Amino acid sequence: MALTACAAGEAAAPGAASDGPVTGGTLTYLEHQAYTTLYPPAAGFYPNGALVNNLTARLLHQDPETLELEPWIATALPEVNGDATEYTFDIRTDVTYSDGTPLTAENVVANLDLFGLGDQDRALIVSEAVNNYERGEVVDDDTVRFHFRASAPGFAQAVSTINSGLLADATLERDSEGFGPGNAADIIGAGPFTVESEEVGTSIRLAAREDYAWAPPSAENQGRPYVDAVDIVIAPEDSVRIGSLASGQAHIARQVEPQHEEQVTSAGLSLHAAQTNGVNNGLSFRFDHPLLQDIDVRRALIAGIDREEVVSSIFSDAYPLATSSLSSTALGYSEQEDAYAYDPDLAEQLLDDAGWVVGSDGIRVRDGQRLHLVVNEALPQPRSRDVITLVAQQLREIGVELELFQGDQAAQTAASTDIDQVQIYHSMVGRADFDVIKSQFSIDNRNTLLNEGADGQPIDADLEALLQEVASEPDTEARAAASAAVQAHLTEQAYVLPFFEEPQVYGVQPQVHGFETESVGRPTLSGVWLEG
Amino acid sequence: MRFALRRTGQAALVVVATFVLAFLLLQALPGDAIVARYASPELGLTAAQLDELRAVYGTDQPIWVQLWQSAAGFLTGDLGTSLQSGASVETLLAAALPSTLLLASLGFVVAVLLAVGIAVAATNGPGWIRRGFRSLPPLFVSIPVFWLGIVLLQVLSFRLGLVPVINASPAEALILPVLTIAVPIAAPLAQVLIRSIDDTVAEPFIAVARSRGAGPGWVLSREVARNALLPTLTIAGVLFGELVAGAVVTETVFARSGLGRLTQEAVANRDIPVLQAIVVISAIGFVIINLVVDLVSPAIDPRLRRAVHA
């Protein structure tokens with residue numbers, strides 16, 4: 001199988017003879033869903049991110065392979081004070097937005113003020129990537145400074161993400177509706193592409209910006225994009241998207257499901273599996289639920305689930321088996337050796353010892369209570385329902401009943417924060433910064449373990465303190481150590497069972513060269529060129 | 001005339017009742033739309049921030065206030081804002097409605113042609129052709145739209161490369177979806193037509209016409225067709241429902257924007273303002289078609305005129 005399982009490897013077919021990049025042509029890119037908004041802090045949704053990533057420039061750029069930061073609109077990495085509460089950037093003065101307005105220090109401050117504080121009246125939310133933001137300051141024409149209420153060591157990486165894509169002054173004035181479908185052509189950035197036209201819900205045409213000349217230093221293509229235009233076409237039905245890609249009607253398709261990989265490779269196309277560098281796809285056990293308060297029950301669940309069977313029977317080589325709660329390519333990763341070994345005998349032993357007796361229907365009972373747990377369906381994640389179905393079969397063998405919470409996205413979201421409805425939470429999160437582990441587990445953020453008591457205080461205060469350390473320790477080595485401590489704590493307490501390192505899988509035609517993704521797997525199209 | 005007014009009044013009443021009922025039912029679903037879009041842990045908003053958003057979107061108001069505001073909005077042409085994307089519902093409908101109307105009307109025309117062809121062959125051809133064509137409608141009814149769409153795509157587009165799906169010209173883009181949507185609608189139409197033709201042919205006046213020397217073509221076009229038209233017309237309302245349902249599937253399969261796709265996405269995201277608008281528009285379409293059928297029927301069949309005036 002021709003598989004490029006690195007973060008940003010060339011997706012070109014191996015051995016394709018060519019004399020280097022060619023300018024011109026229109027790239028056809030198939031997307032799974034229509035975008036919902038182009039407001040950068042809401043660009044986490046992949047269809048949004050695919051657009052924002054190509055329309056906007058950011059202060060810094062993150063190398064998708066090394067995850068190191070480099071200048072982009074800023075001329076150098078920022079000067080940061082000792083406790084990481086002040087960031088000073090020197091910025092370029094030669095950059096213009098696609099509407100012709102200059103990218104100024106005032107404009108940069110206006111952008112970050114909006115992303116860091118939000119604007120409730122316009123229904124524009126605060127960016128998850130920017131924490132503790134207080135205010136921005138224009139120091140002089142080419143210098144900006146940002147002030148924080150508390151240490152914000154993740155800020156430099158935050159300004160490199162698509163959530164911090166810089167927008168022209170006129171665009172910053174828009175409200176939530178103004179960023180929504182139908183307005184794409186009016187969202188003005190300083191990136192390599194502009195929106196030429198939009199058919200709501202169907203397609204978007206991007207045009208190369210001829211005068212684009214401020215690519216990040218590491219970019220191979222320092223000038224305008226090689227292709228003249230990109231047609232982003234929405235094809236929600238899997239078999240249609242893959243069929244039209246394989247039959248040559250499109251160049252690139254996002255979201256090739258594992259069961260369709262062979263169809264893509266056997267048609268002579270390559271797969272590009274981009275790692276998302278964050279918290280792995282897996283289960284969070286909500287340890288405050290009466291059935292899960294006993295650590296031995298949680299240990300039994302981990303020992304009773306055969307992750308290798310899950311990955312090998314439902315997924316493919318593009319989905320590496322997880323070795324920690326963090327992906328092995330994520331910042332702060334620390335391997336958890338043998339922590340998730342499959343051992344059904346041990347699982348049964350643990351449950352027996354904990355007083356759970358197998359009942360007449362094969363499900364264990366204690367004090368008249370059945371060992372019955374509910375798990376959500378992670379609708380945005382690949383094949384979540386299949387994973388849960390298989391895991392439920394495996395757990396049944398050791399006398400545990402696992403039920404899938406049925407319902408659409410809205411019902412899943414509403415139930416996901418209620419421990420009485422969902423005791424095990426299936427999810428993942430991609431973000432190429434140490435902060436990602438806090439995003440997943442802290443009571444301030446996604447709080448997937450529901451570690452918040454009725455009094456608003458953390459139930460496991462040690463875990464929360466470690467997470468806060470990851471997010472506030474100014475020193476990089478100390479952040480890495482704190483992140484490792486969190487992963488060890490999650491393992492010791494048997495709070496999580498990670499399944500695999502979730503990639504974004506793209507199918508790519510052989511005549512496409514230079515396809516790359518940014519640090520969490522969104523397409524970067526400025527370096528793509530089409531062979532004659 | 002009084003009949004026409006009364007039927008129009010009834011139609012308006014149905015639309016109003018649908019509006020209110022849809023509003024109340026959508027509100028009763030678990031998890032409001034603010035939860036659906038903003039409470040996702042990915043955005044990490046606090047309960048207080050969610051409440052502020054509810055105030056911005058007006059979903060914190062008592063339900064009867066929201067009902068009144070929504071109704072007033074509809075009457076003045078303001079259908080509200082999609083909670084999922086923040087786009088105005090008019091924008092979304094303006095993009096979706098023309099495409100669906102085109103698909104549905106072409107699908108209907110093709111279905112009628114298909115049905116007439118099947119019915120004529122099933123009632124006039126030689127025995128084996130008749131039997132063959134008579135078995136077509138039950139077969140067509142049992143073909144799932146989704147499956148048909150995928151098969152047409154796989155064979156005609158992916159394998160044979162006859163019609164592109166991606167970046168197709170507007171005309172090319174219609175061929176396969178129209179075929180897909182026409183087949184399940186042609187089936188009940190053809191069935192009703194075959195039945196009416198059989199019944200009409202058995203009527204004494206056909207025998208009279210034949211005895212006067214009328215050929216089969218004349219009988220079919222002048223006598224049978226006129227009499228078979230009415231029962232066919234009366235199921236038009238039912239077929240409209242079929243068209244809407246078919247559009248949901250067809251538009252998803254063929255990656256077409258339209259009311260169907262919009263509905264599917266709005267349901268998945270509990271996008272109440274969008275759903276409300278779609279339900280009301282569908283109801284208006286349904287009511288108008290039935291109204292037209294009721295008003296036109298007496299013009300076709302004089303017996304109905306008498307019954308109405310009696």
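Letters A, B, ... are given to chains in the order of the sequence lines, protein chains preceding strands, and every chain is numbered from 1. A quick note: this is a predicted structure, and the numbers were derived from the prediction, not measured.
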The interface call for B/L53 against chain A, heavy-atom contacts under 4.5 Å, is both
**Report entry** Heavy-atom side-chain contact between B/S257 and A/V200 under 4.5 Å
**Finding:** no
When the 4.5 angstrom heavy-atom criterion is applied to A/L379 and chain B, the contacting part is neither
So salt bridge (charged side-chain N to carboxylate O under 4.0 Å, His left out) across residues 85-97 of chain B, not counting sequence neighbours, yields none
Given A/R241, A/Q120, A/Q440, the one with more heavy-atom pairs under 4.5 angstrom with chain B than any other is A/Q120
With side chain to side chain contact (heavy atoms under 4.5 Å, CB included) as the criterion, how do B/I150 and A/E237 come out once you've worked through the C-alpha distance, each side chain's angles and the decisive distance to 0.1 Å? CA-CA 10 Å; B/I150 297 276; A/E237 178 43 43; 4.2 Å; yes
Taking a cut-off of under 4.5 angstrom between non-hydrogen atoms, the residues of residues 96-104 of chain B near chain A are none
Okay, B/A95 and chain A: the region with an atom under 4.5 Å from a heavy atom over there is side chain
Carefully, step by step, assess B/R261 and A/I234 under the rule side chain to side chain contact (heavy atoms under 4.5 Å, CB included). CA-CA 11 Å; B/R261 265 272 289 291; A/I234 316 301; 3.5 Å; yes
Whatever's closer than 4.5 Å to a heavy atom in chain A on B/V253 counts as both
Counting heavy-atom pairs under 4.5 Å with chain B, the top scorer among A/P181, A/A235, A/G180 is A/P181
Pair count under 4.5 Å, heavy atoms only, with chain B: among A/A34, A/A123, A/A415, A/G407, highest is A/A123
Cut-off 4.5 Å, heavy atoms of chain A, and the answer for B/T81 is side chain
Under a 4.5 Å heavy-atom criterion, the part of residues 163-185 of chain B in contact with chain A comprises B/V163, B/P164, B/V165, B/I166, B/N167
Those residues of residues 244-255 of chain A that come under 4.5 Å of chain B on a heavy-atom basis, listed by number, are A/S244, A/S247, A/Q249
Between the OG1 atom in A/T202 and the CD atom in B/E251, the distance rounded to the nearest 0.5 Å is 9.0 Å
